[in-house]
Structures are given as structure tokens and as C-alpha cells.
Asker: 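Starting off with a structure, shown below.
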Amino acid sequence: MLSDKAKKEIEAALKKYPNKRSAVMDALRIAQADRGGHLERSDMEDVAVILEMNPVEVNEAAAFYTMYNIQKPVGRHHIQVCRNISCSLLGAEHIIKYMERSLNIKTGETTPDNRFTLSTVECLGSCGTAPMMQVNDDYFENLTEQKVDEIIKKLV
Amino acid sequence: MEKILLKNIDKPESHRIENYIKDGGYKAFAEALKLKPDNIIQMVKDSGLRGRGGAGFSTGLKWSFIPKDPTIPKYLCCNADEGEPGTYKDRAIIDNDPHLLLEGMMITCYAIGAAKSYIYIRGEFVFGANRLEEAIKEAYAKGYLGKNILGTGFNLDMYIHRGFGAYICGEETALLESIEGYRAQPRKKPPFPALAGLYGKPTVINNVETLACIPAIIEKGPKWFSSIGPEKSPGPKIFGVSGHVKKPGLYELPMGTTLRDLIFNHCGGMLRDDRPLKAVVPGGVSAPMLTANDLDTPLDFDSLAAKGSMLGSGAVIVMDESTCMVKAAFITNRFFSHESCGKCTPCRDGTPWLTRVLKRLEHGEGRPGDIELMESLCANIFGRTFCPLGDGAVMALRGALKNFREEFQYHIDHKKCMAS
């Protein structure tokens with residue numbers, strides 16, 4: 001069930017558009033945050049009811065955009081390391097391998113204590129400060145092994 | 001050159017409206033409201049401004065296609081879905097000088113007669129989206145947005161639409177589909193958005209950097225703008241440099257600056273002095289790569305097109321001689337196949353096929369004939385899709401094959417890399 005706070009946020013998003021369907025991306029983002037980082041089928045059904053959409057239409061939109069984690073819970077800190085060309089030229093693969101060793105998980109996995117999920121992503125638009133990663137909403141740039149250690153320590 | 005687009009970004013609290021106004025901000029908007037909308041469109045045409053998102057279409061001309069009938073609602077959509085790998089210029093404006101963008105949008109809306117406007121910002125730019133939300137609130141509070149703006153009777157509302165992870169939303173009709181709540185799959189053109197865009201209404205879609213040029217054109221005049229850089233692609237341009245250079249970063253320079261000047265003068269040269277330049281992508285990964293022989297090419301729309309490449313977003317990716325071109329091609333192609341929206345068969349099926357071939361080459365499992373196979377796949381994707389994503393994948397790969405074919409062959413013959 002969506003919280004009242006989430007429902008209110010979705011109501012506010014509806015005011016931006018001439019029709020309800022346009023708010024589906026905002027509504028799914030709000031629902032995902034409400035659950036703590038991923039979407040369950042019931043969340044999409046709740047969104048469908050509010051937006052007067054068919055549940056399959058909501059599911060269809062959600063499945064298209066990579067930042068919706070559909071039935072795929074993530075840890076408290078979702079670490080997303082860029083693997084695209086500018087980051088790769090400056091050692092992204094090394095950072096990803098170092099991260100896998102440090103967290104003792106493979107890319108795509110979550111630590112057993114549910115603290116970290118490690119993913120690789122395509123370009124995040126921070127190429128002049130490569131290699132870089134995003135942890136939840138925040139960017140971390142010019143990564144080195146030492147910097148990664150410091151960041152992970154602070155996230156504990 | 002005097003900075004126009006990045007003039008404020010390093011100032012303290014540059015995102016605050018008080019500071020923007022203190023430094024002369026919103027004067028151009030007030031000035032524009034005294035002009036006839038058609039005059040503004042003419043000024044932008046005369047300035048020679050061409051779209052900074054990649055296609056390089058005349059901005060004034062694009063605006064002039066919007067029907068004049070005041071009874072038809074019209075929209076402006078700002079494309080802030082910055083996602084072309086190597087590109088990070090719009091984020092600098094969004095994060096640090098949001099009012100410059102807003103002012104450009106306000107003038108544009110007045111010129112085309114739009115009373116509603118959306119900024120489509122990619123989902124990962126949470127900081128930027130928050131900055132824009134705040135900036136819009138500030139602009140309403142100061143009376144630059146809302147009803148009867150500055151007593152002129154002009155009304156304008158502005159909203160943020162946040163993307164959620166899809167490169168294809170940078171394609172203008174996919175962006176419109178996304179705002180309307182659908183999967184972001186490009187529409188067939190025509191009809192063009194100028195006639196049937198958002199919610200079927202006339203719509204202009206402009207990139208952040210394009211819109212950020214507008215206030216200066218109003219303030220300093222089209223002649224001043226067109227005097228910067230080459231005649232056919234004038235104006236200031238932000239070049240975002242990444243890869244193997246000493247000082248990667250954003251450089252605002254006149255259009256037509258050469259690659260050599262940018263890399264060896266402004267960026268301090270190659271990252272390691274003992275590793276010379278091997279290849280450079282001049283405009284985001286869709287732009288075919290150039291080599292050390294092309295360093296005197298001016299960075300503008302026409303000069304790069306003449307070299308068989310393109311200015312694109314002005315994202316310059318520099319690779320030194322340690323770079324494996326097969327790996328670079330694999331990473332680039334994997335990106336396109338990951339981002340293919342699935343609408344057109346040639347792109348949906350062709351780009352992952354290319355990725356599989358490149359992957360086996362990269363892993364020393366290439367087969368004789370793989371280069372020819374890739375060429376055949378490219379020929380079956382290029383020009384056969386609704387939107388330019390598939391073309392971008394092909395152009396990038398063809399550029400690599402044209403300049404470094406022997407490296408691909410070496411991977412097949414020797415099961416290992418020439419560069420390492």
C-alpha cells in the first residue's frame with residue numbers, strides 16, 4: 001500500500017499535466033522511493049488505480065525505463081558504476097573489479113546484510129571527472145581505490 | 001573569448017535568482033517582452049544559431065514552423081536528457097546557472113506563443129532536477145513565471161518532467177512520448193513536432209545549451225552572435241573533453257576551434273607525454289572517430305561533416321595509443337544495443353548482434369569473416385530505422401573500422417590485442 005505521503009506527492013504531480021497518464025513516471029518514482037528502492041506488482045496496481053490506467057499499461061511504462069527496479073529489491077546503498085567509454089578509458093573496469101572484491105559480491109548482487117547493491121550503468125553524464133559512480137542520488141567522481149574505500153566506509 | 005554560457009558557473013551561489021539578477025540576468029527577457037514575437041524569431045534566425053543537441057538545425061527556422069494561430073495551444077520542451085556518452089555540458093548549466101536556462105526558455109515561449117513548458121531532465125540528475133525546481137519557484141516568486149508576467153499579459157507555466165533511465169528520450173519524439181506517459185519510442189515523422197508534438201499540439205524541442213544562447217542574442221544582438229566563429233555555424237560552444245588528456249573539462253570556445261587547439265592548448269595535451277593521440281571522437285560516441293591526421297579540423301557542424309564525422313553534442317573523447325579500438329568499439333556498441341528502444345527490427349536485433357560479434361573479437365574468439373559480417377549488419381541497420389539511434393551505432397562502428405581495420409583483423413588472426 002502506498003503511504004499517504006506518497007499519495008499526496010502523486011496528487012501534486014498530476015497538476016503538471018493535462019491528463020493523468022502523463023504523471024505515470026513521477027508516480028512510479030514516488031512509489032519506488034516509498035518502498036525503499038524497488039517496485040512490487042501491487043505498487044504498480046496502486047498507481048494504475050490513482051491514474052485510472054490499466055495495470056498492464058503502468059507495467060509497460062515501468063519496464064521500459066531502467067531506473068525502475070521491478071520486483072528487484074536493492075540494498076540501502078545502490079552503487080552504480082559507469083562502464084561507458086570515457087570512464088573505461090580511465091580505469092572503470094578496474095574500479096568495478098576493486099568494488100567487487102571490497103564488497104565481496106559480483107556486479108548485480110546485494111550484500112547479505114542488505115547494505116550495498118552493486119550495478120554497472122551506461123554513461124551518467126560526468127565524463128570529465130571519470131571514472132565515476134552514483135550511490136543512490138549522489139555522484140562520486142575521479143574515483144581511485146583509496147577514494148572508493150573512503151566512500152564505502154562513510155556509507156556503513 | 002568572453003564567456004556567455006559558462007560565465008556564471010564558478011561564482012558562489014550562482015544558482016540563486018538574486019545573484020543572477022544582480023549580474024544582469026532577466027534583462028533580456030524584459031527586453032524581449034517589448035518586442036513582437038516574430039521579431040524575436042527573426043533575430044534568432046539572423047544570429048545563425050544552430051541546435052546544440054546534435055542535429056545542428058537552425059533554431060530560428062525551427063521556431064518559425066510553429067503555427068501563428070493564437071487559439072491553438074503550443075508547448076516548449078527543453079531537452080535536458082543529456083545522455084550521449086562523453087557529454088556533460090548541459091549538467092553544468094542546470095546545476096550552476098539554472099536561471100540562464102529558464103530565461104532562454106521564457107524568451108522562447110514568448111516568441112512561439114507557448115503558455116506551458118516542460119523541462120525533460122534525465123532521472124539520474126537528481127541534484128539538477130532539485131536545482132531547477134527551486135529556480136522555477138524563485139522565478140514564480142519574482143513574477144517571471146505565472147500570470148501577466150511583468151505586466152505584459154503574457155502567461156507562462158513551467159514544469160519539470162523527470163526521465164528514469166532511457167537514452168532514447170533524447171530523441172525529440174521519444175521525449176514527447178515519455179512526457180505523455182508511454183514507453184519512449186520515437187514517432188514516425190512527418191508530422192513534425194512543430195505541427196503535431198506534445199499532446200498533438202505544435203511543439204518546439206530545444207536542447208539546454210541552445211536555449212542558454214538565447215538571452216545573449218536578445219541582449220547583444222544577432223550580428224554580435226554571428227560574428228563569433230565560422231559564418232555557417234556561429235556562436236559560442238561548450239566542448240566537453242574527456243579521456244586521455246591532462247585537463248579534461250568543459251571549455252567554452254568559439255565554434256570552429258580546431259581539435260589541436262582544444263586538446264593541446266586548452267586541455268594541456270595528452271595525459272601521458274609518451275603516449276601519442278590515436279583517435280578522437282569529436283561529438284559524442286555517435287560521431288565517427290577521427291585520427292591524429294585530422295587534428296587541424298575546425299570543430300563546427302560543416303567542417304566535421306566534410307570529414308565524414310559530426311559535431312554532435314561537442315563531446316570530445318580523446319584516446320591515446322594504449323587504447324584497444326576493438327574494445328572501444330565493443331563498449332560503444334554495447335551502449336547502443338542496451339539503449340535500443342525495441343521499436344524497429346534492424347536496430348533492436350542488429351545492435352545486439354553487433355555487440356555479440358565485437359565481444360567475441362574482444363575475447364580472442366573472433367572468426368574469419370566477422371568484419372564482413374559486421375559490415376553487412378551495419379548496412380542493414382543504417383537508414384532503415386525511425387530514429388537516428390541505429391544510425392549512431394553504425395556510424396561509430398564504421399568510423400572505427402575505417403581507421404583501424406587492421407586492429408580488428410589482428411584480433412581475429414592472433415586472438416589477442418595489438419595495442420597491449
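A, B, ... follow the sequence lines: proteins, then strands. Residue 1 opens every chain. All heavy atoms count here, side chains included; hydrogens, waters and symmetry mates do not.
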Asker: Tell me, for B:C169 versus chain A, whether the close heavy atoms (under 4.5 Å) come from the side chain, the backbone, both or neither.
Answerer: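 When you check distances to chain A, only side chain atoms of B:C169 fall under 4.5 Å.
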Asker: Do B:I331 and A:E93 pass the side chain to side chain contact (heavy atoms under 4.5 Å, CB included) test, and can you show the C-alpha distance, the side-chain angles, and the key distance before you say yes or no?
Answerer: CA-CA 11 Å; B:I331 288 170; A:E93 286 88 351; 3.8 Å; yes
Asker: For B:G181 versus A:A61, what's the shortest heavy-atom pair and its separation?
Answerer: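 Shortest heavy-atom contact: O-CB, 4.2 Å.
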Asker: At a heavy-atom separation under 4.5 Å, does B:V241 approach chain A through its side chain, its backbone, both, or neither?
Answerer: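 Backbone only.
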Asker: If we define contacts as heavy-atom pairs under 4.5 Å, which of B:G86, B:A166, B:G249, B:A328 has the most with chain A?
Answerer: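 Highest number of heavy-atom pairs under 4.5 Å: B:G86.
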Asker: Measure the CE-CG distance between B:M319 and A:L89 for me, rounded to the nearest 0.5 Å.
Answerer: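 Answer rounded to 0.5 Å: 5.5 Å.
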Asker: Given heavy-atom pairs under 4.5 angstrom as the criterion, report whether the side chain, backbone, both or neither of B:A92 touches chain A.
Answerer: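 Contact with chain A: none, neither part.
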Asker: Who among A:C82, A:S126, A:A130 has the most heavy-atom pairs with chain B under 4.5 Å?
Answerer: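 Of the candidates given, the most pairs with chain B belong to A:S126.
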Asker: Could you check whether atom NZ of A:K8 has more than 12 heavy atoms from other residues, nucleotides or ligands sitting under 6.0 Å from it?
Answerer: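 It does not: A:K8 NZ has 12 such atoms or fewer within range.
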Asker: Checking B:V318 against chain A: side chain, backbone, both or neither under 4.5 Å from a heavy atom?
Answerer: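 When you check distances to chain A, only backbone atoms of B:V318 fall under 4.5 Å.
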Asker: Please find the pair of heavy atoms, one from B:F125 and one from A:L124, that lie closest to each other, and give the distance.
Answerer: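 Looks like CE2-O, 3.4 Å.
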Asker: Counting only non-hydrogen atoms closer than 4.5 Å, does A:Q134 touch chain B with its backbone (N, CA, C, O), its side chain (CB onward), both, or neither?
Answerer: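 Just the side chain, heavy atoms under 4.5 Å.
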Asker: Would you check if B:E124 and A:V121 make a side-chain contact, meaning some heavy-atom pair closer than 4.5 Å?
Answerer: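 No; the side chains remain at least 4.5 Å from each other.
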Asker: Given side chains that start at C-beta, do those of A:N19 and B:E180 come closer than 4.5 Å, heavy atoms only?
Answerer: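 Of all side-chain heavy-atom pairs linking B:E180 with A:N19, none is under 4.5 Å.
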Asker: If only side-chain N and O atoms count, and only distance matters, is there a donor-acceptor pair under 3.5 Å linking B:Y199 with A:S22?
Answerer: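 Yes.
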Asker: More than 12 foreign heavy atoms under 6.0 Å from CD of A:Q146: is that the case here?
Answerer: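 Not buried by this count: 12 neighbours or fewer within 6.0 Å.
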Asker: Measure B:Y167 against the heavy atoms of chain A and call it side chain, backbone, both or neither at under 4.5 Å.
Answerer: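 Interface part for B:Y167: neither.
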Asker: Check each atom of B:I179 against the heavy atoms of chain A and say whether the ones under 4.5 Å are side chain, backbone, both or neither.
Answerer: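 Contact with chain A involves both backbone and side-chain atoms of B:I179.
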Asker: So which of B:E82, B:R334, B:K89 has the biggest tally of heavy-atom pairs under 4.5 Å with chain A?
Answerer: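 Looking at each of B:E82, B:R334, B:K89 in turn, B:R334 comes out on top.
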Asker: What distance separates A:F64 CZ from B:I168 CD1, expressed to the nearest 0.5 Å?
Answerer: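 With rounding to 0.5 Å, CZ (A:F64) is 7.0 Å from CD1 (B:I168).
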Asker: Can you measure from CD1 (A:I85) to OG (B:S242) and round to the nearest 0.5 angstrom?
Answerer: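 Taking CD1 in A:I85 and OG in B:S242, the distance rounds to 9.0 Å.
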Asker: B:I160 and A:K16: which non-hydrogen atoms are nearest, and at how many Å?
Answerer: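 In this case the closest contact between B:I160 and A:K16 is O-NZ, 2.6 Å.
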Asker: If you count the non-hydrogen atoms of other residues, nucleotides and ligands that lie under 6.0 Å from NZ in A:K147, is the total more than 12?
Answerer: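 More than 12 within 6.0 Å, yes.
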Asker: Parallel, tilted or perpendicular: which fits the ring planes of B:H161 and A:Y17, with parallel below 30° and perpendicular above 60°?
Answerer: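 Because their plane-to-plane angle is over 60°, the rings of B:H161 and A:Y17 count as perpendicular.
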Asker: Should B:S178 and A:Y65 be marked as a side chain to side chain contact (heavy atoms under 4.5 Å, CB included) after you check the CA-CA gap, both sets of side-chain angles, and the distance that decides it?
Answerer: CA-CA 10 Å; B:S178 186; A:Y65 300 93; 2.9 Å; yes
Asker: B:F336 versus chain A, heavy atoms under 4.5 Å apart: side chain, backbone, both or neither?
Answerer: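 No part of it gets close to chain A.
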Asker: Top residue by heavy-atom pair count (under 4.5 Å) with chain A, among B:F164, B:Y88, B:Y159?
Answerer: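 Of the options given, most contacts go to B:F164.
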Asker: Side chain, backbone, both or neither: which part of B:K327 has an atom under 4.5 Å from a heavy atom of chain A?
Answerer: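 Just the side chain, heavy atoms under 4.5 Å.
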Asker: May I ask you to name which of A:K20, A:K15, A:R29, A:M53 has the most heavy-atom pairs under 4.5 Å with chain B?
Answerer: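 Between A:K20, A:K15, A:R29, A:M53, the count favours A:R29.
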Asker: Is there side-chain contact between B:N130 and A:D137, with heavy atoms separated by less than 4.5 Å?
Answerer: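 They are not in contact (no side-chain heavy atoms under 4.5 Å apart), so the answer is no.
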Asker: Can you check whether B:Y182 reaches A:R21 side chain to side chain, under 4.5 Å on heavy atoms?
Answerer: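 Yes, close enough: below the 4.5 Å cut-off.
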Asker: Does any heavy atom of chain A fall under 4.5 Å from the side chain of B:R91, the backbone, both, or neither of them?
Answerer: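 Only the side chain of B:R91 comes within 4.5 Å of chain A.
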Asker: What do you reckon, is CG of A:N104 surrounded by more than 12 foreign heavy atoms closer than 6.0 Å?
Answerer: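 At most 12 heavy atoms, drawn from other residues, nucleotides or ligands, come within 6.0 Å of this atom.
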Asker: Taking side chain as everything from C-beta outward and backbone as N, CA, C, O, which of these in B:L250 sits under 4.5 Å from a heavy atom of chain A? Side chain, backbone, both or neither.
Answerer: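 When you check distances to chain A, no heavy atom of B:L250 falls under 4.5 Å.
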